[in-house]
S.K.: 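Take this structure first; my questions come after.
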Amino acid sequence: MRHLKTAIGLVLTAVMLFPVYWMINVSFTRDQDMRKSPPNWFPVDGTLDGYRAVLDQQLPYLGVSLVVGLGTVALTLLLAAPAAYSLAKLRPRGGGALSFVLLIAQMIPGIIMAMGFYAIFLSTGVLNTVPGLIVADSTLAVPFAVLILTTFMSGIPEELLQAARTDGAGVVRTFWSIVLPVSRNSIITVSLFAFLWAWSDFIFASTLDQGGESQPITLGIYHYIGNNNQEWNAIMATAVVASIPASILLVVAQRYVAAGVTAGAVKD
């Protein structure tokens, strides 16, 4: 039975990972072999033209995505960590209603938020700018981050905070010196998700930064697609390169994410 389960698991894993393999295969495929039937299952007579196109054309887009991703992480933590601490430990009046509103905010379709941001950014002059894109992407990450951090911080023992107050630490000092270090796993979790959402965003980018000089990698890939010109090896090569930072982050932060997501789920 164990061998059967292992075999089923391997087959399902292979099915789920096949699109990734095909993306890599196509990234090495020549243009004249792109519509070959049957297709080449391996990059026979492969080419590096797609990756040369990435180096020649896509590096600025990758740089912008990196800036937007890191900016989204910084803004998300700046807003979400104090808010979560307040909801978890200071218990302000109306905190339950605020948590409910944050939950509802995650259900709003991104395209609706994008159209609202378009009107606001147009009147404030931040349309087609990197800071505007950072603010927009943060609206996806902040509600999630507040809910995750609140769940974790609620499980921090009151005795630990009381000891800090006994030593003369105020609310801000307790938050900075005690709560944040203890919440490392959950902070890494929300940082990772915030970065990945910003890195892979297309709706906000295409709506709020379509005419900007600095555009993220999702628009860089989109520019390859035209009515009569689909540079599929360049598209897939760009997708492969763009997936590398996300893959590295997922591997490095895997154990922190597992701990951060389940934190607070079980009480002692």
Side-chain angles (χ1 to χ4, degrees), residues 1-29 33-46 50-51 54 65 69 72-73 76 80 84 99 102-104 106-107 109-110 137 140-141 143-157 182-203 217-218 221 232-233 235-268:
M1 181 61 68
R2 175 186 296 180
H3 296 295
L4 177 61
K5 292 181 179 179
T6 301
I8 294 175
L10 291 175
V11 171
L12 294 177
T13 301
V15 170
M16 290 187 291
L17 292 180
F18 180 77
V20 178
Y21 166 74
W22 198 249
M23 176 179 68
I24 297 173
N25 181 38
V26 173
S27 70
F28 290 105
T29 302
D33 295 334
M34 204 64 66
R35 299 184 183 275
K36 183 178 179 181
S37 181
N40 293 328
W41 292 95
F42 302 96
V44 180
D45 299 323
Y51 291 93
V54 173
S65 285
T72 300
V73 170
T76 298
S99 298
L102 291 173
L103 185 62
I104 295 298
Q106 294 185 287
M107 303 178 186
D137 287 333
L140 296 175
F144 171 81
V146 171
L147 294 175
I148 290 294
L149 291 173
T150 300
T151 301
F152 181 88
M153 292 179 183
S154 297
I156 297 177
V182 171
S183 305
R184 181 188 63 177
N185 290 342
S186 57
I187 289 175
I188 293 176
T189 300
V190 299
S191 298
L192 177 63
F193 278 96
F195 182 86
L196 293 179
W197 280 330
W199 185 264
S200 61
D201 168 65
F202 179 75
I203 293 179
I217 189 60
T218 48
I221 297 175
W232 288 112
N233 58 352
I235 292 173
M236 293 304 174
T238 305
V240 170
V241 173
S243 65
I244 291 175
S247 301
I248 293 175
L249 286 175
L250 285 171
V251 171
V252 172
Q254 181 180 8
R255 63 190 183 96
Y256 299 105
V257 172
V261 170
T262 58
V266 179
K267 297 288 186 180
D268 292 334

S.K.: Working to the nearest 0.5 Å, report the span between CD1 of I203 and CG of D137.
M.R.: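 If I round to the nearest 0.5 Å, the distance is 10.5 Å.
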S.K.: Partners of Y21 by ring pair (Phe, Tyr, Trp, His ring centres under 6.0 Å), sequence neighbours excluded?
M.R.: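 So Y21 forms no ring pair (Phe, Tyr, Trp, His ring centres under 6.0 Å) with any residue.
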S.K.: Apply side chain to side chain donor-acceptor pair (under 3.5 Å) to S27 and list each qualifying residue two or more places apart in sequence or on a separate chain.
M.R.: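 Here the qualifying residues are Y51.
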S.K.: What verdict does the side chain to side chain contact (heavy atoms under 4.5 Å, CB included) test give for S183 and I156, after you've listed the backbone C-alpha separation in whole Å, the side-chain angles of each residue and the deciding distance to 0.1 Å?
M.R.: CA-CA 9 Å; S183 305; I156 297 177; 3.9 Å; yes
S.K.: Between V182 and F152, is a side chain to side chain contact (heavy atoms under 4.5 Å, CB included) present by the stated rule, with each step listed?
M.R.: CA-CA 9 Å; V182 171; F152 181 88; 4.1 Å; yes
S.K.: How long is the span from the CG atom in N233 to the OG1 atom in T238, to the nearest 0.5 Å?
M.R.: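 OG1 of T238 is found 9.0 Å from CG of N233.
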S.K.: With heavy-atom distances below 4.5 Å as the criterion, would you say the side chains of I187 and R184 are in contact?
M.R.: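 They are not in contact (no side-chain heavy atoms under 4.5 Å apart), so the answer is no.
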S.K.: Compare every heavy atom of A84 with every heavy atom of L149, then report the nearest pair and how far apart it is.
M.R.: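 Nearest heavy atoms, L149 then A84: CB-CB, 3.4 Å.
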S.K.: Between CG of L196 and CG of L140, what distance do you get to the nearest 0.5 Å?
M.R.: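 That separation rounds to 12.5 Å.
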S.K.: For V190 versus A145, what's the shortest heavy-atom pair and its separation?
M.R.: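 Here V190 and A145 meet closest at CG1-CA, 3.7 Å.
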S.K.: To the nearest 0.5 Å, how far apart are CE in M236 and CH2 in W22?
M.R.: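 Taking CE in M236 and CH2 in W22, the distance rounds to 10.0 Å.
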S.K.: Can you list, pair by pair, the side-chain donor-acceptor contacts under 3.5 Å of residues 246-253, counting residues two or more places apart and other chains?
M.R.:
from: S247; atom 1: OG; to: S243; atom 2: O; distance (Å): 2.8

S.K.: To the nearest 0.5 Å, what is the distance between CZ (F193) and OG1 (T76)?
M.R.: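 Output value for this atom pair is 13.0 Å.
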S.K.: Nearest heavy-atom pair of A194 and V73: which atoms, and what distance?
M.R.: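 Heavy-atom minimum between the residues: CB-CG2, 4.2 Å.
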S.K.: Which heavy atom of I217 sits nearest a heavy atom of W199, and at what distance?
M.R.: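 Closest pair (atom of I217, atom of W199, distance): CG2-O, 4.2 Å.
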S.K.: Does the plane of the ring in W41 sit parallel, tilted or perpendicular to the ring in F18? Use 30° and 60° as the thresholds.
M.R.: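 W41 and F18: tilted rings.
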S.K.: To the nearest 0.5 Å, what is the distance between CG on L102 and OG1 on T150?
M.R.: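 Atom-to-atom, L102:CG and T150:OG1 are 8.0 Å apart.
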